[in-house]
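Just so you know, these numbers come straight off a predicted model, no measurement behind them.
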Amino acid sequence: MAAKRKLAENPNSELIDFLHELADYEKNVSRMIHKYNAYRKAASSIAKIDHKIQSITDIKGLEGIGKKIAAKIEQYLSTGKIKKLETNRGDETGAAINQMTRVMGIGPTHANKLVHQEKITSIDELRSHPKRDQLLNKTQQLGLKYLEEFEQKIPRDEIKQMETILLREITAMDNLLRAEIVGSYRRGATASSDIDVLVTHPAVAKLPSLLHKIVETLTKQFHFITDTISIGDSKFMGVCQIDTSKLHRRIDIRVFPSEQYYCALLYFTGNDQLNRHMRIVAQEQGYKLNEYSIQKVGSTGTLSKPLPVTSERDIFDYLQMDYKEPHERNM
DNA sequence: GAGACATCGCATATAG
DNA sequence: CTATATGCGT
DNA sequence: GTCTC
């Protein structure tokens with residue numbers, strides 16, 4: 001057996017981290033979500049470069065990199081630092097706000113409120129705050145409770161074990177039920193940040209309580225689901241744990257009618273880049289594609305009825321694209 | 001130079 | 001109570 | 001912040 005070697009890391013990972021840090025500041029502190037997305041887009045362009053960036057000419061013209069970001073990269077190449085980033089880091093209030101947003105359910109708005117109005121400057125202070133329960137809603141309280149656990153990636157093997165249990169128990173409830181774990185797990189990832197489950201049933205329209213029953217069973221019978229963040233007729237968001245020796249994990253369960261199942265399967269398997277690509281191809285070919293359906297776009301912009309789809313392959317076929325296996329969808 | 005930058009389900013706050 | 005707006009995560 | 005119109 002050959003020596004086990006750490007997977008080669010991206011040669012520009014430091015620069016990418018810097019851009020992500022600039023992105024986070026814009027989202028959480030400045031509350032400029034589009035600047036956040038702009039920095040993320042630039043970072044993902046750079047992530048595609050497989051050699052170490054030596055000069056600004058290596059990145060000039062890259063998608064999502066304009067004058068301002070190019071200038072920052074230039075600074076980074078010549079000095080190893082980015083002024084704007086150093087300034088951000090010197091902003092203690094901003095740093096505190098960023099910390100607050102680590103908690104699930106605390107977004108930019110609430111994070112700013114906690115820091116500016118309540119003068120909370122760290123997660124520890126939030127945890128020990130006398131009015132903690134009044135300052136946080138239920139989701140945020142769960143987020144705080146499980147903060148460190150949710151920041152750990154889930155090994156593929158653990159998801160595999162969950163899959164065995166989930167599929168067995170869901171089918172046992174009703175053998176017409178069909179379920180799959182999607183997301184990066186389905187694409188073959190060795191670790192994932194959460195578990196995303198898709199469920200379908202031929203008579204789902206007549207079973208508005210289906211999701212509630214599934215969740216109730218997984219909670220009460222098997223103690224697999226430990227907490228509910230939110231639940232409606234079509235989407236559950238919550239927390240699960242395979243056994244008490246393992247960490248708590250974020251899990252989402254979505255229910256779709258059969259005719260929408262494969263569009264949903266494609267969409268929630270991703271990745272994001274493939275989804276965007278396929279939406280554009282669809283548009284070019286006169287279709288509209290989303291997580292629910294694929295429809296023909298008429299000359300006046302009118303939409304046809306959803307086209308019949310009985311497999312993911314059907315969608316690739318409509319778009320005249322070569323079928324991609326899930327593990328080939330990491331773009 | 002102005003406007004777009006995805007969309008939507010659920011929880012919660014607010015208005016009526 | 002119902003209708004609508006906002007925040008959040010996706 | 002970047003891109004398109």
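Taking each heavy atom of A:P208 and A:A205 in turn, the nearest pair found is CD-O, 4.3 Å. The two residues A:L289 and A:I294 have their closest heavy-atom pair at CD1-CB, 4.1 Å.
In this structure, the separation between OG1 on A:T302 and NZ on A:K296 is 10.5 Å, given to the nearest 0.5 Å.
Residue A:Y39 is classed as a sugar-phosphate contact, given heavy-atom separations below 4.0 Å to backbone atoms only. Counting any heavy atom pair closer than 4.0 Å across all strands shown, A:I33 reaches no nucleic acid atom. Using a 4.0 Å heavy-atom cutoff across all strands shown, A:M104 reaches sugar-phosphate atoms only and no base atom. Among the atoms of the strands shown, only primed sugar atoms or phosphate atoms (P, OP1, OP2) are found under 4.0 Å from some heavy atom of A:K68. Backbone-only engagement by A:R250 is indicated by non-hydrogen atom pairs under 4.0 Å involving sugar-phosphate atoms exclusively. Among the heavy atoms of the strands, none lies under 4.0 Å from A:F236. Within 4.0 Å of A:K72, counting heavy atoms only, lie sugar-phosphate atoms of the nucleic acid but no base atom. Here A:N290 lies out of heavy-atom contact (under 4.0 Å) with every strand. A:R254 comes within 4.0 angstrom of sugar-phosphate atoms only, judged by non-hydrogen atoms across all strands, and of no base.
Separating the C1' atom of C:dC8 from that of B:dT7 is a span of 13 Å, rounded to the nearest Å. Separating the P atom of B:dA6 from that of D:dC5 is a span of 16 Å, rounded to the nearest Å. Across the C1' atoms, D:dG1 and B:dC8 are found 26 Å apart, a figure rounded to whole Å.
Once you apply a 4.0 Å limit to the heavy atoms of chain A, the touched nucleotides of DNA chain D run 5' to 3' over D:dG1 to D:dC3. The nucleotide range of DNA chain B contacted by chain A, defined by atoms under 4.0 angstrom from heavy atoms of the protein and reported 5' to 3', is B:dC5 to B:dT12.
For the pair A:K235 NZ and C:dG9 P, the computed distance is 11 Å after rounding to whole Å. Look at CD1 on A:I106: it is 9 Å from P on C:dC8, rounded to the nearest Å.
The hydrophobic cluster containing A:V297 also includes A:L303, under a criterion of side-chain heavy atoms closer than 4.5 Å among ILVMFWY residues, counted directly or through chains of members. Under a 4.5 Å side-chain heavy-atom criterion applied to ILVMFWY residues, the cluster that includes A:L142 comprises A:M104, A:Y146, A:F150, A:I229, A:M237, A:V239 as well.
Residues passing the side-chain contact (heavy atoms from CB on, under 4.5 Å) test with A:R31, sequence neighbours excluded: A:P108, A:T109, A:N112.
Under 4.0 angstrom from either OP1 or OP2 of C:dC8 there lies at least one side-chain N or O belonging to A:T109.
By the 6.0 Å and 45° rule, A:R329 does not stack over the aromatic ring of A:F316.
Residue pairs meeting the side-chain hydrogen bond (donor to acceptor under 3.5 Å, both in side chains) criterion with at least one partner in residues 265-288 of chain A, sequence neighbours excluded, are A:R186-A:T269.
Put simply, the side chain of A:E163 reaches to within 4.5 Å of the side chain of A:Y185, judged on heavy atoms. Side-chain contact between A:M278 and A:L319 is present, with heavy atoms from C-beta onward closer than 4.5 Å.
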